[in-house]
Structures are given as structure tokens and as C-alpha cells.
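Each remark here refers to the structure printed beneath this line.
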Protein chains: 2
Amino acid sequence: MATITKKKQRGRPAQSAAKKEEIRAKIVSVSKELFINEGFENISIRKIAQQAGCIPRTIYYYFENKRELLHYLWVDIFKTLSSECERAIKSLEAPLEIIHVIYTTYVNYWLAHRDQYRVIFMIEDLNATSNHDTAVLDMIKSSAKFIRIFEKAINDCIQNKVFKEKNTNRVVQVFFLSAHGLASGIITMREMKWENPDALIKSTLNALITGLE
Amino acid sequence: MATITKKKQRGRPAQSAAKKEEIRAKIVSVSKELFINEGFENISIRKIAQQAGCIPRTIYYYFENKRELLHYLWVDIFKTLSSECERAIKSLEAPLEIIHVIYTTYVNYWLAHRDQYRVIFMIEDLNATSNHDTAVLDMIKSSAKFIRIFEKAINDCIQNKVFKEKNTNRVVQVFFLSAHGLASGIITMREMKWENPDALIKSTLNALITGLE
DNA sequence: ACATTTTTAGGAACGCGTTCCATTATTGCA
DNA sequence: TGCAATAATGGAACGCGTTCCTAAAAATGT
């Protein structure tokens, strides 16, 4: 494959897209291993660089910041989450049951994998613009089937007049944000004496479904 | 006031409780000013120490960590939030209306004061035990009237059989966690294309209330 | 052959939260 | 009076995420 992608010009030629991708893939691969082996607290730019055989500065040459690098872990995490959701709804067909099971599996997944929750939701990029992470969202949506299954189940409920609310996107977000609140609150506010999480999930979900019917 | 709180013993006498409290209050006061004047990103231990006329090490002598220091900002923030809630429900008496208005005011407050949200919910102490922050929770609960008003309104609804669920604490937490999810998700997941927050709040709250009735 | 230009990588620095080791202050004991 | 003991403070260090300034690599132009 020809590597020159521009007219000949002075100066050191830029790396080919393939080469760039190879280096990025290496760094991402090492990041994933580090996260799996040593967890959230020990995944640092310096350690990643060391294991990738480069220096921290190099990582900032290929990635905007740590959060962009961690995007690739997000995709893996959401794939695993999706597998669990897909397994949990394996023999279900009723949309309400699918909603029920995916919602519950989603919250329980974060409660069971708190470091994974943190690596996604507790590292904020204050300088990012809204369109900044659209790419990662698209990656997640395209690889995590459970999101589309969940959206379809909600849409089916709306089409079948199970739900009075007609705006699919809004209903999806209502469910998603309440599930996220359960996970977020229970994980990060440890000083609160929470009721049994299973009971909280069940009460919230039943109330939402009943209220939307 | 006698300052010796122990039998005479060798070594430098410890500061009196009053003196300790004075120093802590000074540091807290400076922290609040810095947060108000320069916001979340610029409230650092070094800057606080500088303005308090001490060094960072001193802050760690009087406070466990940065998060414990920020607890005192939390109390102020929750007091302000409570004032807004109390103002919003000023002439209301119906418990359901009170729940409605407090819930909405609570979410909107965080959406309107995102730095205040971050200073409370985005700085996690991974080494803390559950009982670690119980003191701050008590401080918040005793100074933020809206929490008790909210709990009472929910309890009234349960007593009046408006809600089928009989566990007041659970219902309170269901409302709280869903409100928190709305704020948390909208603030920290900027890459998502959210529906209008007012609509999300309204749909979620109406669904919860209807579902609990 | 050397200078210039452009890209990629390197070393060090920045400010952060936090901790380590040392110093100073202040007491009682021998 | 000097030493030991205890508390409070000090300076520096640690590792973090990130950026700055510089160097090396690799090309073209003169």
C-alpha cells in the first residue's frame, strides 16, 4: 500500500494511517490489559506508556487526553454489558419483560463492576464540546446490541399503546436516566444507608412502567 | 475557658478544641470564598493554603483529605438548594404538589449550578468507609429543611394511601435516585443528545407518581 | 553537502492531591 | 539545665494528567 497520501512536500513525511492505527491499537491494547489486571486506580498514562514502550508525551500525540483513550475500554465494557443483557433476555419476547430484564441487568452490572462504572462516568472532560464524544457514542451504540433491543422494546410498547407517552426517545431516556441514577447514587454515595438495591430497582422500575402505562 | 483537656503530660500540648475549630473554620471560610470566586476547577489545596496563610501539609493536619474539607461547602450548597425548594413550595400544602415541586427544583438546581454538582458528586474518596461521611450527611440533613419536608410529604402520601408502597424510606430513595440520575446524566454525559430537560423531568416524575399511586 | 521544513518523539516541567521526613515549639522529667 | 516526648508546622517528594520546549528523524530545496 502506498504510504504517501499527499503531494511530495518538504519535511518528515507523516505516518500512514495504517501505521497510526497500529500505534493507537497497541496503546489501547495495553490500556485494556492494565485496566483488567490492576483496575481503575492503577490505570495511569505513565504506566500505559511504559508498557506500550513509549513515553507519556507520545500518548498525547495520538490521543486528545486520557478520557479519549479510555473510550476504547468503554466499547469493550458495553459489549460485555450487552452480552449479559442479551443472555438475560434470551428466551423473552414480550417487550415489557425485555424492558424489565434489561433495566435490571444494566443497573446490577454497574453495581457489580464499580471500577468499570468509574472509568466511564467518573472521569469528566470539562473542556470537551458536546460533539466531541459523538464518535464514541456511535461506537458504543453500534457494538452494544442491548441498546437497540431496549429501544425497540420501548417502541413496540408505544406502538401497541402499552405506553401512553408517544415519544420513543424520551421514554428511552427516562428509563436510562433513572437506571443510571440508581447505579450512580449507590456507587458514589456510600455514606447513604441505601435500601436493598434489588428492592430499589424493582420499586423504581415497577413505578415507571405502571406510570407510563 | 480552661484549655487543658488532659492531665499534664510531656511534650507540646495539643491545641484546644476551640483553637482547632478556629483554624478549621478559617480554612473552610477561605475554601468557600475560593469556590465562589473561582469555581470548581480552581479550588485547590495549594490555593486554599496560600489564602489561609498556611501550607498544604497543614490542611492535611486538620482534614482527612480534600473531600472532607469540601464537606463544608456541601452544607452551604444544600442550604441554598433548600432555600430555593422552600421558596418554591411556599404556599403549597398538598403533599403530592410538594413532592412535585421539590423534585423539579432539586434537578433544576443542579442543572443550573453544575460546578456545585461536581464539587459534591464528582470527587470520590475511594478509601472512605461507609461510616466515614455519616457526619456530613447528618450536617446536611439537619440544615437542609427540604429533605425533611420531602420525606414528610412522601410519608403523608403513604399514610393517606395515595401511594401503595408503604416503605417511606424506600419511596424517598426511589424519588431521590431518579432525580439524581436526571441531574447526573445530563451534566456528565454531554455527548448524549438529551431531550429537553424539563420534559424529561416531567415525564419521569409523572410516571413515578402515577406508578406509585 | 548543507539548510530548511515538517513530523514524531524525548525530557522536563507544570499544578494537582497527598504523604514523607525533618524541624520547631512546648511541655515534663531527671 | 539538658534531654525526652509530643504536637504542630515546614519543605520536599511522590505519582498523577497534561503541556512546554527541544531534539531527532526524514523528507525536499538550493
Side-chain angles (χ1 to χ4, degrees), chain A residues 2-24 26-27 31 34-35 38-70 118-119 122-128, chain B residues 3-24 26-27 31 34-35 38-71 118-119 122-128:
Chain A
T3 59
I4 307 301
T5 58
K6 292 178 177 180
K7 277 182 180 178
K8 285 187 170 186
Q9 69 173 43
R10 294 169 83 177
R12 183 173 178 172
Q15 281 167 345
S16 67
K19 177 70 174 174
K20 271 190 157 86
E21 216 30 62
E22 178 195 330
I23 295 173
R24 284 170 60 96
K26 170 66 179 288
I27 293 171
S31 303
L34 205 53
F35 180 65
E38 299 186 32
F40 176 71
E41 281 190 90
N42 288 303
I43 183 165
S44 73
I45 293 294
R46 282 171 175 75
K47 286 177 176 170
I48 292 167
Q50 187 180 31
Q51 292 197 14
C54 64
I55 60 165
R57 179 65 187 80
T58 301
I59 294 183
Y60 289 92
Y61 188 74
Y62 292 98
F63 297 90
E64 182 78 12
N65 51 33
K66 185 180 184 184
R67 184 181 162 95
E68 192 201 344
L69 174 52
L70 295 181
R118 290 183 181 102
V119 83
M122 295 297 286
I123 298 174
E124 197 185 5
D125 184 356
L126 297 172
N127 297 318
Chain B
T3 58
I4 305 301
T5 58
K6 292 178 177 179
K7 279 180 178 177
K8 284 187 172 190
Q9 68 173 44
R10 296 167 82 174
R12 183 172 177 170
Q15 283 167 343
S16 66
K19 179 68 173 173
K20 269 186 155 86
E21 214 30 62
E22 179 195 330
I23 295 173
R24 283 171 61 96
K26 171 66 179 290
I27 293 170
S31 303
L34 204 52
F35 179 67
E38 300 187 32
F40 175 71
E41 281 191 90
N42 287 304
I43 184 168
S44 71
I45 293 292
R46 281 171 175 73
K47 286 176 176 172
I48 292 167
Q50 187 179 32
Q51 291 197 14
C54 64
I55 61 165
R57 182 63 186 81
T58 301
I59 295 184
Y60 289 92
Y61 188 73
Y62 292 98
F63 297 91
E64 182 76 14
N65 50 33
K66 184 180 184 183
R67 184 181 161 94
E68 191 200 346
L69 173 53
L70 296 182
H71 280 175
R118 290 185 180 102
V119 83
M122 296 298 285
I123 298 174
E124 198 183 3
D125 182 357
L126 296 172
N127 298 317

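By convention in this document, chain letters (A, B, ...) are assigned in the order of the sequence lines, proteins followed by strands, and residues within each chain are numbered from 1.
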| task | Let me know the distance between OH of B:Tyr62 and P of D:dA7, rounded to the nearest Å. | result | 13 Å
| query | When the nearest nucleotide of DNA chain C is assigned to A:Ile23 and to B:Glu41 on a heavy-atom basis, which residue is associated with the more 5' position? | reply | A:Ile23
| task | State whether A:Ser44 places a side-chain N or O below 4.0 Å from either non-bridging phosphate oxygen (OP1 or OP2) of D:dC16. | result | yes
| query | Once you round it to whole Å, what is the distance between P of C:dG15 and CD of B:Glu38? | reply | 14 Å
| said: Any side-chain to backbone donor/acceptor pair from A:Glu68 onto A:Glu64? Under 3.5 Å, distance only. | reply: yes
| Rounded to whole angstrom units, what separation is found between the CD1 atom of B:Ile123 and the P atom of D:dC16? | 20 Å
| Rounded distance in Å - CZ (B:Arg10) to C1' (C:dC29) | 5 Å
| message | Applying side chain to side chain donor-acceptor pair (under 3.5 Å), can you list everything that pairs with A:Arg24, at least two apart in sequence or on another chain? | response | A:Tyr72
| Using a cut-off of 4.0 Å on non-hydrogen atoms, how would the nucleic acid contact of B:Ile43 be classed: base, sugar-phosphate, or nothing? | sugar-phosphate
| message | Taking side chain to side chain donor-acceptor pair (under 3.5 Å) as the definition, give me every residue that meets it alongside A:Glu124, ordered by chain and number, with sequence neighbours left out. | response | B:Arg118
| query | Contact class for B:Lys19 (heavy atom, under 4.0 Å): base, sugar-phosphate, or nothing? | reply | nothing
| query | Residues two or more places apart in sequence or in another chain: which of them pass side-chain contact (heavy atoms from CB on, under 4.5 Å) with A:Lys20? | reply | A:Gln15, A:Tyr62
| remark: For nucleotides 18-24 of chain C, 5' to 3', base contacts (B), sugar-phosphate-only contacts (S) and non-contacts (-) with protein non-hydrogen atoms under 4.0 Å give BBB----
Show me the side-chain donor-acceptor pairs of residues 43-60 of chain B shorter than 3.5 Å, one per line, residues at least two apart or across chains.
| residue | atom | partner | partner atom | Å |
| --- | --- | --- | --- | --- |
| B:Ser44 | OG | B:Lys47 | N | 3.1 |
| B:Lys47 | NZ | B:Asn42 | OD1 | 3.2 |

| message | Can you identify which nucleotide, out of D:dG10, D:dA7, D:dA27, has its nearest atom closest to the B:Ile55 side chain? | response | D:dG10
| field | Worked verdict on B:Leu70 versus B:Phe40 for side-chain contact (heavy atoms from CB on, under 4.5 Å) | value | CA-CA 11 Å; B:Leu70 296 182; B:Phe40 175 71; 5.8 Å; no
| Taking only side-chain nitrogens and oxygens of B:Gln15, does any of them come within less than 4.0 Å of OP1 or OP2 of C:dT27? | no
| request: Answer with base, sugar-phosphate or nothing: what part of the nucleic acid does A:Phe63 contact at a heavy-atom distance below 4.0 Å? | output: nothing
| said: Could you tell me how far apart A:Glu124 (CD) and D:dG17 (P) are, to the nearest whole angstrom? | reply: 17 Å
| field | Smallest separation among heavy atoms of B:Phe63 and B:Ile27, with atom names | value | CE1-CG2, 3.7 Å
| query | If you look at every strand shown and take non-hydrogen atoms under 4.0 Å, does B:Lys47 touch a base, only sugar-phosphate, or nothing? | reply | sugar-phosphate
| task | Return the value, rounded to whole Å, for the distance between atom CD of B:Gln50 and atom P of C:dG17. | result | 13 Å
